[in-house]
Amino acid sequence: MTQPFRTAAGGRIDRSDRIQFSFDGRPLTGYAGDTLASALLANDVHLVGRSFKYHRPRGILSAGSEEPNALVTIDRGAGRITPNLRATSVELYDGLTARSQNRFPSLRFDFGALAGWAAPLLPPGFVYKSFMWPPSFWKRLYEPAIRAAAGLGRSPAEADPDQYQTRYAHCDILIIGGGAAGLAAALGASATGARVILCDEQAELGGGLLDEPNATIDGWPAPDWVREAIGTLNGSVTLLPRTTAFGWYPDNMIGLAERVTDHLADPGSHRPRERLWQVRAARVVLATGAIERPLVFPGNDRPGIMLAGAARTYLHRYGVTVGKRVVIATADDSAYRTATDLHAAGVAVAGIVDRRSAPDSEAVQAARALGIPIHRGMTISGTEGRLRVHSARLSDGTGLIPCDTILMSGGWTPSVHLFSQSRRALIFDSASGTWLPTEDAVGACAGVFDLGTCLRDGARAFGGETRSFAVLGIQAMTAGEPPVAAKPHRAAFVDFQNDVTTKDLAIATDEGFVSVEHVKRYTTTGMATDQGKTSNLNALTAIAALTGQGVEATGLTTFRPPYTPVTFGTLAGSVRGDLFAPIRVPPIATPGAVLENVGTWKRARCFPQANETIAAAVARECLAVRNDAGMLDASTLGKIAVEGPDAAAFLSRIYTGDFTDLASGQCRYGVLLGEDGFIRDDGIIARLAPDRFHVTTTTAGAAFVLHHMEDYLQTEFVGMRVWLTSVTEQWAVIAVQGPRAAEVLAPFLPDIDPGAMPPMSVRTGHIGDVAVVLLRVSFTGETGFEINLPPDHAQRVWDTLRQRDVTPFGTDAMHVLRAEKGYIMIGQETDGTVTPGDVGLGWTIRGADCIGKRSLSLPDLKRADRKQLVGLLPLDPTVVLEEGAQVTAAPSAWDVLSNASVRTRGALSVGHVTSSYHSPGLNRGFALALVAGGRSRIGLQLSVAAAGGDRPVTVTAPVFLEKPKDRLKAITFSSAQPLLPLAEQQAPVARACPAVELVTLAPVTRLSVRAGSAAGTAIGLALGVLMPTVPCRSVITRNRAALWLGPDEWLIVAPDSASELAALARQAAGEHPVSIIDVSQRSGGLEVAGPRAAWCLNAFCALDLDLHAFPVGMCTRTLLGAAEIVLWRIAPEVFHLDVARSLMPYVRACLEESRVEFVDVQAESGRSK
Amino acid sequence: MLLISCPWCGPRPENEFRYGGQAGLTRPAASADDATWSAYLYLRNNPKGRHQERWRHQPGCGRFFNCERDTVTDRISNTSKIGPR
């Protein structure tokens, strides 16, 4: 017979929808609406797991997420195996495959159960006490063996193929828990017009009301009242069933884990499996209910022993009776309701064992009237039955009561976990012996167990009118009495999941542990994945009795998130694979190049030709630069426009060097120090005009340098009239280096003669009609130019140069070339402890007081034995030293006497190798190193540690190529061809999705305007678009717009010519200092439009995008995932995003991922045909 | 994620901000003695309780501002624009 324990009628399951599933390979049937636990019980399966430590047979204790015993593995195929799920929370679907855990070879016959026989040998702390010696056994023997014996399910080895999403949400009121109090609160809240979210961890809203078919509220049977309430709430309140509020984080940010598809037989591919909600709530109301406590008696963990309230839930919600003959052990009236309801369902109630001497209430009288034997002032002193309980022993010694089920109720513990996580103090309620929240809780969570009061308190939680509900057919309930400590016994379990008994707690206190936090950690009580939901108060009561401190004084242990386990997939969300971090690609495509990561960029290391090794390619590229001409894509270099009357003075503070005497058209190398005097970055400072500088930074240091400059500008050198604008992505850079560099560039540049430019100079000019900035600077020692040009045109110039036999070279060759000249590389020769003097750059410090200069005269930074930059030449020229290797010297007698490590190693460490390469020019290995007192050791021999023995090296000055080598003859090339304007960039085809469309916006002029308010007004009048003075607002007139981005910063968006618009603005500013910079090329525009636009953006953007919080016309810089964007709402359902060029692919991918749910599946498949 | 009130832009999520260290440090003149200069470089308050800090709204309006934060509760009691010295 299938489902022998299913009642004939009743329950909320769909008896017309029969479902096939399997448990440990055994095919079984259930109904739609079942949990795995209810379906197993319907099939008389009580034995579902083995316990963690002793491998004791265990059954189903509860009907909710507090379940400590019934942990199962659900198998949906490769990569989709989820261990440790609570059978009580797993919804049944067709084909569900469940397996029991922690048993070998089977659930009924488990070798691990031998641990149960050895229980006396396994007291708390046995691991620490027993497996101490020898230490080497820990890793290889003890730990693997213990892990294998004690455990949970196994996690899958394959990558998780499912999709997960994360989203941010905001609301006025978040109600956690959808039972009577939560639904009443939602009804009250929705009437106020507030934004309300109601979440509940169960599949169906209603909580305990679903267990009360015989109670009525305002004339409706309770489950029907739930249905009506949901109908009222739908549309005005965001209802989130299957959603667990797992953590309360600072400033009312609540973590919700929504299980979107786990209950479906076919999850489909357009929805995420789970979704993490990060909800910022103005107010949170906890309607989390209460959890029934087990009673602690010897043998209280056998299959068939469960909570009394759970038995009612299985009966009324799932139409399942938990046994044929039950004994009820209780200290609380609520269990009497279970007794009468089971009696009515035809289950024999063999007796009620009540710890109290004179129980008397409506519920007790009802049970007595049915003739159920009541044993007052008694407890259960033992149970029998191996794989299922078969009898209970009474504490008065009158013998065994045969039964197949024992139901227990020790009273109810309010679910205060989230309140405690909010860092507020709970108060102890001595009447119930439980802790209660001081505010923001309604219903059982607040210690209220009477249904009418729960509803009334919920409804008026938001100060609305007092409303009363007519509740009939349910007896008034309480939390019950405080728990009473049981005697220590080795089979009286307090914590079922971690197998902690009253005996274990007694051993811990005997051994001197007094603090509840210490006892918890020593015995592991309450530390399992169930977080002690059923065990904490019983453990606490036992500890209090053992130490004599009293329960309140003993105190609760700390509740920590998550409330129930959350998958790593949920926490990671979309942040994995391609979206783990933005991958920024330079504007010049270099097919065939070997790439490397530099900061967040992908840069070309080298350009191997057919059958060429990387080493050979690097050597060829180096020689091309030395003998002919090479080109490097240097677009990733950070670039900052520094403008204003005080720009030169400001830069003289930021960089070593004095820029006040730098003439326009000249460049100077500068080193950027921290205030501590150590090198942080370096770069070229080019003066374009008296008040305009173009500053370059390292690729990885760009963001830091801008932040550092802003820090000093805003908070230290206050009053300096300077503005800083990042133009990194406004300009692509092609660095052309080599003796033929001027010659190859000349034909492109009608208005600049590169050959006539002196070293360290800068000119502005044109290629075709495109404005460019040309710097004559070198990082190779050869003649060098850096041509800054708009990224849209860079590819064409690059390709043309390539056609003219300019050799592309990558970062590897760049490293070799600069090292041959002894030029330092930030992050290679510097590590945050290196001064300019250490690396021979003391000469850069001139004149004014720059940041860090004062520190250079601190005694420690002047020591003669500081590590200094030197060159190293291995005596064997074929050797290339390891970067990072120790440089050692033969120790003096004093070193041997004074330094133990010298005696051990026989050598004195004096430094380390910072860069090491094979030089194609010298045809030998060479290295740069930081060596103590290095400059005084030039000419001496040292050793460098290496695998296979130390290598002798000669110390040299850090310059290896003094003179230009013989050149190849110049190659002739055809005359200049005019450059064509760039081809239309092809926008990726957006997928059909009416709910939210992504549209690439046409190129447009963008000006960054930095000015004071007077100049801003003047510019606004001249451009016909007033500069908004209200933060984060925009002004739009006809086709120009001005966006407020900062107190002195606006972004102008217009279809006009950038240079003409900028000239107009500069003219309008007159004598006022301003900085007006064309940033049109820096970013691109993306339109996100449709009814779901805000929803999709909130998958990656943490701002509140409700129309009231983020109205039309609002604009701001913010984050979308890891990308900085400007977000601008131009209509209720239309947002414009300004996205840096290199981040556009990442941002598009994020938005595609966020709208995958709304993509029109039919249109998609139609298109693919 | 903390909710931090930018003096210009209003309450914004923590990921739009960058911590800027202790507020109110005075950069000594270059003529300061070694002890004074070293103290400026390396000595910072580490209170249990209210702490005067600098934060920067970046990505956002880019402004540095002052912020009083309780290091025990993370509660921010006040934020203000950096005034003229």
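Just so you know, these numbers use all the heavy atoms, side chains as well, and skip hydrogens, waters and symmetry mates. The sequence lines fix the lettering, A, B, ..., with proteins before strands; numbering per chain opens at 1.
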**Q** Side chain from CB out, backbone as N, CA, C, O: work out which of these in A:Ile851 comes under 4.5 Å of a heavy atom of chain B, or both, or neither.
**A**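 Both parts, backbone and side chain.
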
**Q** Out of the candidates A:Ile1125, A:Leu1051, A:Leu1127, only one should pair with A:Asp1138 under the side chain to side chain contact (heavy atoms under 4.5 Å, CB included) rule; please name it.
**A**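 Testing each of A:Ile1125, A:Leu1051, A:Leu1127 against A:Asp1138, the sole residue satisfying side chain to side chain contact (heavy atoms under 4.5 Å, CB included) is A:Leu1051.
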
**Q** For A:Arg1010 and A:Ser1075, test the side chains for any donor-to-acceptor distance below 3.5 angstrom and give the result as yes or no.
**A**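 There is no such pair (donor and acceptor under 3.5 Å, judged by atom type) between the side chains of A:Arg1010 and A:Ser1075.
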
**Q** Contact part of A:Asp860 toward chain B, heavy-atom cut-off under 4.5 Å: side chain, backbone, both or neither?
**A**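 When you check distances to chain B, no heavy atom of A:Asp860 falls under 4.5 Å.
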
**Q** Under 4.5 Å heavy-atom distance to chain A, tell me which part of B:Arg56 shows up: side chain, backbone, both or neither.
**A**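 Only the side chain of B:Arg56 comes within 4.5 Å of chain A.
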
**Q** Select one option (side chain, backbone, both, neither) describing which atoms of B:Asp33 are under 4.5 Å from chain A's heavy atoms.
**A**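 When you check distances to chain A, only backbone atoms of B:Asp33 fall under 4.5 Å.
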
**Q** Find the one option among A:Pro1047, A:Pro250, A:Ala1102, A:Gly719 whose heavy-atom pairs under 4.5 Å with chain B are most numerous.
**A**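 Highest number of heavy-atom pairs under 4.5 Å: A:Pro1047.
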
**Q** Using atom types as modelled and distance alone, determine if a side-chain donor or acceptor of A:Asp251 lies under 3.5 Å from a backbone N or O of B:Leu3.
**A**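 Checking the backbone N and O of B:Leu3 against the side chain of A:Asp251, a donor-acceptor pair under 3.5 Å is found.
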
**Q** Measure distances from B:Trp8 to the heavy atoms of chain A and classify the residue's part below 4.5 Å as side chain, backbone, both or neither.
**A**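 For B:Trp8, backbone and side chain are both near chain A.
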
**Q** Checking heavy atoms, do the side chain of A:Asp711, its backbone, both or neither come under 4.5 Å from chain B?
**A**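 For A:Asp711, heavy atoms of backbone and side chain both lie under 4.5 Å from chain B.
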
**Q** Of the listed residues (B:Pro13, B:Ala23, B:Ser31), which shares the most heavy-atom pairs with chain A below a 4.5 Å separation?
**A**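 Max contact count across the listed options: B:Pro13.
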
**Q** Between A:Gln278, A:Glu1049, A:Glu710, which residue shows the highest count of heavy-atom pairs closer than 4.5 Å to chain B?
**A**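 Winner by heavy-atom pair count: A:Glu710.
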
**Q** Quick one: does NZ or CZ of A:Arg653 land under 6.0 Å from the six-membered ring centre of A:Phe717, within 45 degrees of the ring axis?
**A**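 Because its charged atom sits under 6.0 Å from the ring centre and within 45° of the axis, A:Arg653 does stack over A:Phe717.
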
**Q** Out of B:Cys6, B:Gly20, B:Ala32, return the one with the most heavy atom pairs under 4.5 angstrom to chain A.
**A**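 Between B:Cys6, B:Gly20, B:Ala32, the count favours B:Ala32.
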
**Q** Please identify, among B:Gln58, B:Arg54, B:Glu14, B:Arg18, the residue contributing the most non-hydrogen atom pairs under 4.5 Å to chain A.
**A**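 Result: the option with the highest number of such pairs is B:Arg18.
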
**Q** Test your reading of the model: is there a side-chain donor-acceptor pair from B:Arg44 to the backbone of B:Tyr40, 3.5 Å cut-off?
**A**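 Yes; judged by distance alone, with no hydrogens or angles, the pair exists.
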
**Q** State whether A:Asp172 and A:Arg283 are salt-bridged, where the test is any N-O pair (Lys NZ or Arg NE/NH1/NH2 against Asp/Glu carboxylate O) under 4.0 Å.
**A**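 Judged by the 4.0 Å cut-off on N to carboxylate O distance, A:Asp172 and A:Arg283 do not form a salt bridge.
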
**Q** Report the C-alpha distance between B:Arg12 and A:Thr1116 in whole Å, list the side-chain angles of each, state the deciding distance to 0.1 Å, and finish with yes or no for side-chain hydrogen bond (donor to acceptor under 3.5 Å, both in side chains).
**A** CA-CA 11 Å; B:Arg12 293 295 185 94; A:Thr1116 183; 3.0 Å; yes

**Q** Heavy-atom cut-off 4.5 Å, strictly under: side chain, backbone, both or neither for B:Leu2 against chain A?
**A**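 It is both, since atoms from each part get that close.
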
**Q** Over all heavy atoms of both residues, which pair between A:Arg280 and B:Met1 is shortest? Give the atoms and the distance, please.
**A**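 So the minimum-distance heavy-atom pair works out to NH1-O, 2.7 Å.
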
